[in-house]
Structures are given as structure tokens and as C-alpha cells.
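I have placed the structure first, in the form of C-alpha cells, so that the comments after it can refer back to it.
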Amino acid sequence: MLLKENPVMATERYNPRASEPKWQKAWDAEKLFETKNEDPRPKYYVLEMFPYPSGRIHMGHVRNYTMGDVVARYHRAKGKNVLHPMGWDAFGLPAENAARDNKVNPRDWTYSNIKTMKGQLKTMGLSLDWAREFATCDPSYYRHQQKMFLDFWKAGLVERRSAKVNWDPVDMTVLANEQVIDGKGWRSGAPVEQRDLTQWFFKITSMSQDLLDGLDTLERWPEKVRVMQQNWIGRSEGLLVRWPLAKGTAPAGESELEVYTTRPDTIFGASFMAIAADHPLARKVAEANPKLAAFIDEVHHMGTSVATLETAEKKGFDTGVRVVHPFDANWTLPVYVANFVLMDYGTGAIFGCPAHDQRDLDFANKYGLPVVPVVKPEGVDAASFLITEEAYSDDGKMINSRFLDGMSPEQAFNEVATRLSGTTIGNRPQAERKVQFRLRDWLISRQRYWGCPIPVVHCDDCGAVPVPTEQLPVELPSEVTFDKPGNPLDHHPTWKHVDCPKCGKKARRDTDTMDTFVDSSWYFARFTDPWNEAAPTTLSYVDGKGGWLPVNQYIGGIEHAILHLLYSRFFTRAMKATGHVNAVEEPFEGLFTQGMVVHETYRGPQGWVMPAEVKVEEADGARKATLLADGTPVEIGSIEKMSKSKKNVVDPDDIIASYGADTARWFMLSDSPPERDVIWTEAGVEGAHRFVQRIWRLVADAAPALRDVAPKAGTEGDAATVSRAAHKILKAVGEDIERLHFNKAVARLYELANVLSPQVAVVNDGGGERAGAVRQALEFLIIMIAPMMPHLAEESWQALGGKGLVAAARWPAFDPALVVDNEVVLPVQVNGKKRGDLTIARDADQAAVEKAALALDFVQKALEGKTPRKVIVVPQRIVNVVA
RNA sequence: GCGGACGUGGCGGAAUUGGUAGACGCAAGGGACUUAAAAUCCCUCGAUCCAUGAUCGUACGGGUUCGACCCCCGUCGUCCGCACCA
């Protein structure tokens with residue numbers, strides 16, 4: 001048998017399937033990622049939005065948790081005491097649906113999903129502190145939530161009241177305002193109906209102003225999210241104005257109509273009043289007016305189907321009632337019921353000024369009401385300024401407004417406010433300034449089983465009574481049935497029947513559970529001490545000196561821009577008010593919203609097809625797809641968010657099994673900026689995997705020569721070039737990671753690999769400085785890829801003979817002398833066009849640079865004998881010769 | 001309708017925020033190695049032209065500037081959020 005001679009450089013391919021579990025075990029054995037609260041080093045808290053345990057992780061999780069892990073590992077390497085925990089947002093409706101459909105217990109279903117997903121997350125090699133793990137459905141978690149609910153109640157931050165609420169007919173539960181998107185339930189997508197119900201509310205509106213002001217302090221939040229929250233809170237400054245009803249037109253017992261306006265300056269342009277269909281005055285008039293009653297009924301029906309609302313025509317009905325103008329006893333205006341006026345904003349009544357509001361103008365044109373302009377643009381003649389089809393809503397000068405004429409709208413606003421505040425009708429001023437918010441109270445009652453029970457007992461004599469602290473938690477019963485529609489807790493034969501904690505009489509538990517957004521509104525605080533059995537938080541650890549909050553870097557999806565993030569901001573303030581945190585009000589100091597993972601769609605004769613079933617080939621510049629199974633042609637569709645319905649999903653398990661976690665992580669970080677969507681492609685993954693192998697080859701090829709070489713920066717020739725590149729890139733990568741510019745850091749690392757490849761190939765040859773310089777550059781490279789591809793980094797570190805684990809290694813410091821060059825290459829322009837380069841000493845002065853530039857032959861040639869008028873020298877940047 | 005973001009090669013994207021446009025990657029083409037393939041390595045890769053070079057080029061039209069992807073005015077397009085909020 002012929003023995004094949006082993007080539008010297010032969011290197012086995014890196015095998016992630018063998019390496020990755022090995023290093024994960026090594027980290028676990030060292031308890032490397034378990035964080036101690038007492039650790040004296042500076043703290044850094046990085047958190048990714050915790051997942052709902054739906055069953056399996058998806059690529060969105062992979063992207064989110066990879067980013068967080070890079071941040072965590074980087075700051076750990078920089079010497080911080082890093083908190084990087086993980087848990088489960090475990091309450092919610094899918095568990096009940098699974099229970100109904102598959103006859104499994106929601107608890108069993110949830111914990112089994114958690115087990116699966118935890119296993120999947122472990123294969124990703126995330127540097128998480130699993131010792132702090134909890135699920136929000138653990139009674140040991142929600143007991144504290146119940147305690148805080150009661151504390152909030154005592155502090156006046158909780159209220160039970162009857163209100164018009166959003167009813168989701170599919171999920172059979174009520175929803176908070178924020179959870180109604182385009183008139184549909186945020187989860188079910190079903191059109192939401194309005195119902196009158198008695199429910200629990202968190203009084204988030206009591207903090208409207210503070211929540212708005214707090215946004216200004218969130219410098220490390222995306223502008224976009226702050227604007228969205230600002231709009232959601234919706235502050236406006238205006239005037240409440242009371243208009244007396246004209247005698248003889250008002251129904252018995254009614255004497256005035258109060259409206260809210262942000263444009264009191266346009267009061268002389270008023271031509272009608274419009275009130276909501278539910279306004280008391282409308283109801284009263286309707287009692288004696290069947291036609292109006294029919295109109296109101298019509299509005300109600302339209303109101304329920306929100307889809308039609310967007311296109312709905314502006315309609316009104318003249319009630320016959322007239323109001324008297326506050327500044328002219330002889331001027332009366334009609335009162336209409338209008339379908340576009342909302343009862344629950346302001347007073348449910350407005351005055352219409354058609355000239356300066358498009359909606360009012362449309363309405364006035366439809367019903368033949370007067371249109372009188374009272375604000376004219378600068379430089380336009382008042383007499384000829386007419387409004388017909390387009391309302392004028394900009395600034396200008398007051399006209400047709402008696403004592404307001406000539407003023408600016410702002411002055412007129414103040415003048416009207418002052419005058420009307422000074423006059424009284426019925427012992428009250430006729431007007432008062434009012435700041436109005438769009439934000440409504442947070443409705444937290446849900447008529448569902450799988451949520452945190454509201455710890456209240458209803459007694460016929462004592463009313464709503466808090467469950468005493470020592471009886472917490474109020475635990476969910478385990479025997480429940482889901483065969484009837486409605487709330488399983490309410491159907492339960494025994495659970496709700498208890499004695500009143502106050503008087504001992506027979507009473508009933510509240511059968512509602514809390515909105516699951518309550519669970520996620522404080523989990524970040526619980527992570528700081530999840531072991532505390534006595535209280536939700538431990539004051540010495542939760543915030544302030546020696547505490548963790550605020551979260552230094554929070555990472556998650558933009559879809560929570562309002563819901564989760566606004567609720568958490570409220571909850572943190574409420575926790576402060578009830579002594580559960582020391583001082584912190586804003587829970588998230590830095591927020592980053594990452595983009596989605598998107599993928600091409602494929603459609604075959606039988607509908608959507610998964611990427612795994614498709615083969616894509618490129619021929620003659622056109623990409624063609626066929627079914628792997630039988631070669632049937634498949635149509636390549638648009639790139640969309642990965643979703644089950646379009647089947648354009650890639651399973652993280654499959655990717656990790658075939659390429660390894662490091663490849664998946666690297667791909668998630670390359671190319672696309674993290675805030676933008678990333679397109680998952682097979683070619684991209686393969687590219688990432690090629691780089692993994694390339695790094696391994698680089699290390700393995702260099703290891704024999706470098707194992708016993710001490711790292712040292714080079715000063716001459718190739719060695720100097722390598723070291724300069726390595727130190728510059730070390731500096732840049734650190735800065736990029738700190739700014740979360742992972743794609744740029746990745747590009748720098750490719751560059752370093754490109755610089756090192758030819759050096760490694762010759763590192764065995766000459767002696768000199770090269771070996772030390774290459775060794776140092778390789779170490780830098782390994783430490784820099786460690787946050788991104790931690791397993792490959794460990795394997796490489798070991799091959800090079802590094803001490804200990806890279807996961808515990810310190811981030812090296814770059815040498816400032818090596819990141820600046822002694823000579824700089826300045827581009828030289830003539831009349832703004834680049835003609836060549838000038839290489840000159842870094843510290844050359846202006847005059848020297850100017851002289852050297854003018855001496856260049858290409859400059860002389862471009863000047864064509866003309867004398868330069870001016871030479872602009874921007875130090876270290878550019879030279880421009882102007883002729 | 002209101003508010004916000006964005007528009008750069010075949011593609012994803014860089015460009016120190018007014019100073020060399022296209023870093024880095026993907027795709028493509030050519031070559032080397034190989035019996036062959038894979039892997040790997042090397043080269044080319046914005047467009048045009050009288051191709052040793054030059055001209056044009058960052059959605060489009062103007063402007064400011066010695067100099068504009070970047071600032072200003074206008075137009076077109078894409079995406080996101082809010083939407084009868086008085």
C-alpha cells in the first residue's frame with residue numbers, strides 16, 4: 001500500500017459540531033456568566049426583550065440575542081461586571097388555545113416549550129446568566145406582581161370603574177387602547193367592538209406629563225420611538241369654553257354647552273357647534289326627536305365597524321338647539337350632532353371654524369354654513385382673502401375678529417383666554433385653560449385564564465377587598481376546562497368561591513387576570529435579585545448606588561415602541577412611588593430596536609414552499625428556483641418578513657446543525673446595519689461559513705510557528721505594516737461595537753484577515769520581527785471575534801497556546817503611537833478635481849504642504865501655466881489648488 | 001391628511017458627518033492547482049469614449065461652497081408610525 005505523504009500545511013476543517021458543545025461546557029463549568037451582585041467592578045446591564053415561549057426560537061430571536069451577546073461579551077472583556085439574564089414572558093393566550101385545541105394543560109404546554117427553547121438558546125452559545133432565569137407564570141414571580149398591584153391600589157394608581165372598553169370578539173377579552181391597531185385587536189386582528197364594562201385600570205394618565213417630559217432625558221433612545229411615544233401621549237394646550245344655550249331652543253334642564261378647543265383665537269370664525277352622538281345634550285334632544293334618535297343609532301352602528309370609519313363621510317344632524325356666542329349676545333349658532341366627534345376626548349363637543357380646519361370646512365360646505373376667514377397669511381389683502389375648498393391652518397394676522405384684529409393668532413389665543421376667564425356665568429368662569437392628553441388609562445383586566453390573577457375579593461357588603469399579603473399568591477387553579485367560550489376561571493366550579501377577608505361572609509374572587517404586558521413591565525427589575533422571596537426587588541441591588549437599573553442597553557423589536565416600553569416606563573415610576581425602587585424612573589437608559597429577518601418567498605403549484613424545499617440556480621443572469629423533490633419550477637416571490645403563512649422561514653436548528661452557531665451569529669452581524677432588515681440568503685450563510693473556516697486555517701497554519709513566540713508590535717517592514725493594521729483595527733472594532741455598528745466591525749475584521757493571510761503564509765521563513773507582530777495581530781483578531789463567534793475564538797485561542805478561556809480574556813489596549821501614521825497621503829485637487837496624491841510628513845506645516853503640492857508635476861500640468869489664486873490645505877485631509 | 005425615515009454598482013452596504021465615492025462582503029467572469037470535482041489561491045468587476053488616459057457618475061432639477069452622497073429650495077419614489085384628537 002502506498003502511503004500518501006502528509007503535506008506540512010494540511011489542516012483539518014473546523015468542526016463546529018464537535019467544538020461548540022465542548023466550549024459551552026467549559027464556560028458552564030467555570031460559571032463564567034453567573035453574575036454576582038456584590039462584585040465591586042463597574043456594573044453593566046444588557047438585556048434583550050425576553051421571548052414568549054411559543055414553542056421554538058426563530059431567526060428574529062437569533063438576531064436579537066446575538067446582538068445582545070456581543071455587547072455583553074465585549075463589556076465583560078472590558079472589565080465590567082455584566083448582567084445578562086434571560087427569562088420567559090410566559091403568560092398569554094396561545095397557551096389557552098393550545099389547551100383548547102390539543103387538550104394539554106396550559107402550564108404543561110408552556111413549561112415544555114420553555115425547555116425546548118432553552119435548549120435551543122444554549123446551542124447558540126449565549127453568555128447568559130441562567131441562574132437568574134424565571135418565567136412570569138411562576139407563582140414565585142407573579143406573587144410579587146400581585147403585591148405591587150395592591151400597593152399601587154393603595155397609592156391611588158389603580159382604579160376599578162365602568163367604562164367603554166374595547167372588546168375583542170375573537171379572543172373574548174377586553175383590550176387596552178394601545179392594543180387596538182387600526183381598529184383591530186393586536187393579537188387576533190379581529191375588529192374591536194365597544195362595550196360598557198366595569199374593569200381595572202392603571203392610572204397611567206396621572207403621569208402623562210411626566211412620561212412626556214421623561215422622553216427628553218432618553219438620549220440613547222431612537223428618535224423615532226420617542227416621537228411615537230410623544231404622539232401617543234398627545235399633549236395639547238387649549239381652552240374649555242362654555243357657550244350658553246339660546247332661550248327657547250334648549251331642552252328642559254340644559255343651559256350650556258362646554259367645548260374644548262386649541263384654537264380659541266378663531267372664535268369669531270365659528271359657524272356651528274358639533275357634539276358627539278353620545279353627548280348628554282344629544283341624548284336629551286333625541287328623546288323628543290325620533291329622527292335625531294335614528295341618526296344617533298346610525299352613528300353607533302357605524303362606530304362599531306371601524307373599518308368603514310376611515311372612509312366614512314362627515315355627517316351631521318341639526319338638533320335645533322342654538323348657542324349664544326360668548327362675545328355677542330345677538331349672535332347664535334346651530335348645534336349639530338356629528339359622526340366625527342368623539343365623546344371620550346375633551347368634552348365631546350367642539351366649535352367648528354370652517355375657514356381654518358379642513359374637516360370643519362367640508363362639513364360647512366356640505367350643510368351650507370358660513371365660512372369666515374379670521375386668520376390671513378402675511379402679505380395678502382384681507383378683503384380679497386377667501387376660503388372655498390382648502391382651509392388655511394398656518395400662522396398669520398387676525399381679521400374679521402373685532403377686538404382681535406391685527407393680532408397674531410397666539411396673541412388672540414391669550415386675549416380670548418384672559419377675557420373669558422374673567423367673565424362668569426353661573427358662578428364659574430366662562431373659560432379656563434386646559435392641557436389635554438390623548439393618552440388613556442391602561443385597562444389591565446383580561447377575561448382569560450392564563451395570566452396573573454387579580455388579587456381581589458368581591459364582597460356584597462365590603463365591596464372590592466384586597467387579598468391580604470400573607471395569602472399571596474392567589475394561584476391559578478390547575479384543573480380547568482376550555483370547552484366553553486368565555487373565561488375559564490369564571491366557569492371553574494370552586495375556585496372563585498371564598499370568604500371575604502374583611503367580614504368573613506361568602507364572597508367571590510375577581511376572575512379576571514392581568515394583561516400580560518403587566519408581566520413584562522418589571523421583569524428587568526426582578527432580574528436584579530430573582531431570589532428575593534419576601535419582596536419584588538431588593539433595594540440595595542435594584543438601582544442607585546451598587547444597583548443595576550437602569551438597563552444600560554436594551555435591545556428588541558420596534559413593534560414594542562409604544563406598548564411595552566411605555567408601560568414599563570409607567571410601571572417603574574409606580575414602583576418608585578410605592579418604594580419598590582429607590583430613585584430610577586426611566587428603566588432603559590439605552591434602547592436599540594433591531595430590524596427583522598426577511599427572506600425570499602417561493603410559490604409552487606400547491607402554494608407557498610419552504611426555502612429548505614427549494615433549489616435556486618443562476619443561469620444566464622437569471623435566478624431560477626425548482627423543487628428539490630421533483631424539479632418542479634417554483635416562482636420566486638418578494639422578500640418578506642419570515643412568517644409561517646408565507647412559509648419563508650429558516651429554522652435556526654437546521655442552520656446550527658449544518659454550519660454551527662458561530663456561522664449563524666456571524667451572518668446576523670455582517671452586511672446589514674442592525675437597525676435595518678437583514679435578508680437571509682443561502683449564499684450569505686455560506687460566505688459566513690467560509691470566513692469561519694478561513695480564520696481557522698489562518699490560526700492552524702500559523703500555530704506551529706507561533707506557539708512559543710511572544711506577541712510584540714513590529715517596527716519595520718512587514719512587521720510594522722501588520723502591527724499598524726492590527727492596532728488601528730483594534731481601535732475601530734471597539735468603537736464600532738460600542739456604537740452597535742456590528743456590520744462595520746465585521747468589515748474591519750475581514751480587513752485584518754486579509755492583511756494577515758499573506759503574512760501567515762511566510763511566517764515560517766524569515767526570523768526578525770514578523771513572528772511577534774503576526775502573533776500579536778492574531779491574538780487581537782481572536783479576541784475581537786470572540787464576542788461574535790465565541791466558540792471559534794476559544795478553539796483558535798487554544799490552538800495558539802493562549803492561557804485560559806478567551807471568554808475571560810481582557811480586551812487589549814491599542815498603542816496610540818501605532819494608530820497614527822508618520823506620513824500621510826493627501827489627495828490633491830486642482831479646481832476641485834482630484835489629480836493625484838501627495839505623500840508628506842504628518843506634521844508638515846501648511847506652507848510646506850502648499851509648496852510640495854505646487855511642485856507636483858500633475859499639478860503643474862493641470863494648471864496649464866496659470867498662477868494659482870488660492871491653495872486650500874485641510875490638515876490631514878486634502879489639498880485643493882484653485883486657479 | 002399629519003408626523004418621521006430613506007433613495008449610493010448586478011446585490012447587501014461603507015464613506016472619520018463638508019474633504020480621494022463605492023471600504024468589506026455576496027454574486028459574476030477569467031486564470032492556477034487537480035485525472036476530475038470540491039476546497040483553496042491569484043486577477044477583473046460603476047458607466048462611457050479617440051482606453052498609456054480622460055469624461056461622466058450617489059433618485060431628478062436648481063442653489064450655496066475652493067470642494068456636496070452630506071447643507072438649502074423644489075420634484076418624484078419607497079418604507080414606517082399616527083389618524084376624525086377639536
Side-chain angles (χ1 to χ4, degrees), chain A residues 9 11 13 181-183 222-232 234-236 238-239 259-264 266 274 276 309-310 312-314 338-342 344-353 357-360 362-363 393 436-439 558-559 561-562 618 621 623 666-667 670-673 675-679 681-688 690-691 693-694 697 732 735 741 743-754 757-758 761 825-837 868-883:
Chain A
M9 287 302 186
T11 301
R13 283 173 69 80
I181 318 285
D182 288 337
E223 181 66 20
K224 183 186 164 117
V225 174
R226 294 194 308 208
V227 168
M228 281 166 74
Q229 292 214 357
Q230 203 176 315
N231 292 339
W232 187 261
R235 184 184 198 271
S236 64
L239 208 59
V259 306
Y260 178 70
T261 178
T262 56
R263 293 295 304 272
T266 65
L309 217 155
E310 290 178 26
E313 198 186 349
K314 310 280 171 278
N339 64 351
F340 58 83
V341 180
L342 307 171
D344 49 5
Y345 188 81
T347 61
I350 62 165
F351 79 74
C353 175
D357 181 288
Q358 192 59 47
R359 192 194 47 209
D360 292 348
D362 295 343
F363 191 83
S393 53
Q436 184 81 36
F437 293 94
R438 207 185 73 117
L439 183 69
I558 185 75
E559 66 273 20
I562 293 172
E618 187 157 326
R623 296 176 71 246
W666 185 254
F667 179 68
S670 349
D671 291 353
S672 291
E675 68 278 7
R676 260 189 250 178
D677 291 352
V678 62
I679 306 170
T681 62
E682 193 64 17
V685 181
E686 274 166 12
R690 268 202 298 278
F691 186 67
Q693 295 296 350
R694 192 174 156 208
R697 220 163 33 239
E735 289 167 358
H741 293 167
N743 58 320
K744 294 187 205 171
V746 164
R748 298 286 87 82
L749 292 170
Y750 272 110
E751 274 176 26
L752 184 53
N754 290 342
S757 291
V825 179
L826 294 180
V828 179
Q829 298 179 331
V830 178
N831 290 328
K833 278 204 179 90
K834 192 199 165 187
R835 297 291 163 175
D837 292 314
R869 278 193 291 132
K870 195 153 83 168
V871 179
I872 291 152
V873 177
V874 184
Q876 329 287 317
R877 281 284 146 76
I878 202 163
V879 181
N880 192 7
V881 181
V882 187

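Chain naming here is simple, since letters A, B, ... match the order of the sequence lines and numbering starts at 1 in each.
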A:R690 meets the side-chain hydrogen bond (donor to acceptor under 3.5 Å, both in side chains) criterion, sequence neighbours left out, with none
Ordered by number, residues from residues 344-352 of chain A within less than 4.0 Å of RNA chain B (heavy atoms) are A:Y345, A:I350
Check this one for me: any side-chain N or O of A:N231 less than 4.0 Å away from OP1 or OP2 of B:G4? no
*Are side-chain heavy atoms of A:V227 and A:W232 found at a separation under 4.5 Å?*
no
Per the glycosidic torsion and the 90° limit around 0, nucleotide B:A36 is anti
Read 5' to 3' with Watson-Crick or G-U pairs under 3.5 Å, [ ] for crossing pairs and | for partners on another strand, RNA chain B gives (((((((..(((......[....))).(((((.......))))).((((...))))..(((((..]....))))))))))))....
Without hydrogens or angle criteria, can the side chains of A:R226 and A:N231 be said to hold a donor-acceptor pair below 3.5 Å?
no
> Is any side-chain heavy atom of A:F351 closer than 4.5 Å to a side-chain heavy atom of A:T266?
Replying inline: yes
Side-chain heavy atoms of A:P673 within contact of A:K744, under 4.5 Å
no
Each nucleotide of nucleotides 9-20 of chain B classed B (base within 4.0 Å of a protein heavy atom), S (only sugar-phosphate) or -, in 5' to 3' order, makes ---BSSSB--BB
Judged by whether its glycosidic angle lies within 90° of 0, B:G9 is syn
side-chain hydrogen bond (donor to acceptor under 3.5 Å, both in side chains) for A:S236 and A:R438? Distances and angles first, verdict last. CA-CA 8 Å; A:S236 64; A:R438 207 185 73 117; over 6 Å; no
Can you tell me how far C1' in B:A47 sits from the matching atom in B:A21, rounded to whole Å?
14 Å
- Item | Separation between the C1' atoms of B:G13 and B:G18, rounded to whole Å | 22 Å
Taken to the nearest whole Å, OH/A:Y750 to P/B:G22 is 21 Å
A:Q358 meets the side chain to side chain contact (heavy atoms under 4.5 Å, CB included) criterion, sequence neighbours left out, with A:L361, A:D362, A:E390, A:A391
By side chain to side chain contact (heavy atoms under 4.5 Å, CB included), A:A745 pairs with (sequence neighbours left out) A:V733, A:D736, A:I737, A:M788
With sequence neighbours left out, the residues meeting ring-ring contact (aromatic ring centres under 6.0 Å, His included) with A:F667 are A:W680
Sorted by chain and number, sequence neighbours left out, side chain to side chain contact (heavy atoms under 4.5 Å, CB included) with A:D671 holds for none
5' to 3', nucleotides 44-59 of chain B under a 4.0 Å protein heavy-atom cut-off (B base, S sugar-phosphate only, - none) gives -----------SS---
Compile the donor-acceptor pairs under 3.5 Å between side chains in residues 870-883 of chain A and protein atoms, sequence neighbours left out, one pair per line.
{"unit_1": "A:Q876", "atom_1": "OE1", "unit_2": "A:R842", "atom_2": "NH1", "d": "2.9"}
{"unit_1": "A:Q876", "atom_1": "NE2", "unit_2": "A:R842", "atom_2": "O", "d": "3.4"}
{"unit_1": "A:N880", "atom_1": "OD1", "unit_2": "A:G832", "atom_2": "N", "d": "3.1"}

Comparing A:V746 with A:V341, nearest RNA chain B nucleotide closer to 5' gives the residue A:V746
Considering only heavy side-chain atoms of A:L342, the closest of B:G3, B:C85, B:G81 is B:C85
Of B:A23, B:A39, B:C84, the nucleotide closest to the side chain of A:R359 is B:C84
Heavy-atom side-chain proximity of A:V828 to A:D837 below 4.5 angstrom: no
A:N831 atom CG is separated from B:U65 atom P, nearest whole Å, by 15 Å
message = So A:V871, base contact, sugar-phosphate only, or nothing? Heavy-atom distance under 4.0 Å.
response = nothing
Contacts of A:F340 meeting ring-ring contact (aromatic ring centres under 6.0 Å, His included) (sequence neighbours excluded), chain-then-number -> A:F363
Taking B:C56 as the reference, what is the distance to B:G9 when you measure between their C1' atoms (whole Å, please)? 15 Å
Under-4.0 Å side-chain N/O to phosphate OP1/OP2 contact, A:R438 with B:A86: no
Given the 90°-from-0 boundary between syn and anti, B:U55 should be labelled anti
Margin query: Roughly how many Å apart are B:C50 and B:G61, using the P atom of each and rounding to a whole number?
Written below: 25 Å
### Task
Assign A:N754 to base, sugar-phosphate, or nothing according to its heavy-atom contacts below 4.0 angstrom with the strands shown.
sugar-phosphate
Heavy-atom check, side chain of A:R235 versus side chain of A:Q436, under 4.5 Å
no
**OP:** Kindly say if A:R690 contacts the phosphate of B:A27, meaning a side-chain N or O under 4.0 Å from OP1 or OP2.
**Re:** yes
Those residues at least two apart in sequence (or on a different chain) that pass side chain to side chain contact (heavy atoms under 4.5 Å, CB included) with A:I558 are A:K224, A:V225, A:A561, A:T593
